[in-house]
Trainee: 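Can you read through this structure? Questions will come right after.
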Amino acid sequence: KNIVILISGGGSNMAAIVRTAQAQNWAKQFNAQVSAVISNKADAKGLVFAKEHSIATAVIDHKAFADQPQPREAFDAALMAEIDKHQPHLVVLAGFMRILTPGFVANYEGRLLNIHPSLLPAFPGLHTHERAIEAGCKFAGATVHRVTAELDHGPILAQAIVPVLPDDTADTLAARVLTQEHLIYPKAVAELLAK
Ligand code: GRF
């Protein structure tokens, strides 16, 4: 069972999944492995980690499709072509900062996951930690969910909750949430593989 992980930056969630797969021997337990890490950004730091762990990497630069009549669809088609080389059992979005077209989502329906840094359905979209602090929330967190055509709104698979402290900044809250993301994402993936 091949897992393909899509990143755009640091890839800390991808790294947590790779480390858990190795530590828990998913290859033996589930006949599963992370077979590729794909990014839309050539400078994504996570690509270095993937290479260091002998995982195939690829970059599909969304800017390369800007001049196409339908740039989003063209990018997604190129991304799907790369992903499908691995015939993925699961496609895992991990800090992947692109909104995917309905065609892409439909193609991977039922095997497409995302992690969002808020307690959905609260705070879909961007700048979730600033918004939680601004709203005076006492708690914040992260959500692992199946991806559907509606942004940040698919069926919830897992959540983690953290306190919002009086002196929190978006950065201090983000760090506290990220620590939890690194626990719930690998666990949610393992639970799906165990099914
Ligand atoms: C983080 O804000 C995380 O909450 C969200 O994407 C951002 C980067 O994550 N999922 P990663 O370190 O690239 O996994």
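Only this structure's heavy atoms are used, side chains among them; waters, hydrogens and symmetry mates stay out. Both ligands and their constituent atoms are indexed starting at 1 by order of listing. Note that the structure is a prediction, hence the values are computed from the model and not measured. The first residue of the sequence shown is numbered 1, and numbering continues consecutively from there.
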Trainee: Can you tell me how far CG of Leu173 sits from CG of Asp167, rounded to the nearest 0.5 angstrom?
Mentor: 11.0 Å
Trainee: So, are Glu191 and Lys195 salt-bridged, with charged N and O less than 4.0 Å apart?
Mentor: no
Trainee: Do Lys63 and Asp61 meet the salt-bridge criterion of a basic N to acidic O distance under 4.0 Å?
Mentor: yes
Trainee: Side chains of His145 and Thr143: any donor to acceptor distance under 3.5 Å?
Mentor: no
Trainee: If you draw a 6.0 Å radius around CD in Gln70, do more than 12 non-hydrogen atoms from other residues or ligands fall strictly inside?
Mentor: no
Trainee: Any salt bridge (charged side-chain N to carboxylate O under 4.0 Å, His left out) involving residues 87-100? Give me the pairs, sequence neighbours left out, ordered by first then second residue.
Mentor: none
Trainee: Less than 3.5 Å apart, N/O on ligand 1 and N/O on the protein: could you list those pairs with the distances?
Mentor:
residue: ligand 1; atom: 4 (O); partner: Glu181; partner atom: OE1; Å: 3.1
residue: ligand 1; atom: 4 (O); partner: Glu181; partner atom: OE2; Å: 2.4
residue: ligand 1; atom: 10 (N); partner: Glu181; partner atom: OE1; Å: 3.3
residue: ligand 1; atom: 12 (O); partner: Ser12; partner atom: N; Å: 3.0
residue: ligand 1; atom: 12 (O); partner: Ser12; partner atom: OG; Å: 2.5
residue: ligand 1; atom: 13 (O); partner: Gly11; partner atom: N; Å: 2.9
residue: ligand 1; atom: 14 (O); partner: Ser12; partner atom: N; Å: 3.3
residue: ligand 1; atom: 14 (O); partner: Asn13; partner atom: N; Å: 2.8
residue: ligand 1; atom: 14 (O); partner: Asn13; partner atom: ND2; Å: 3.0

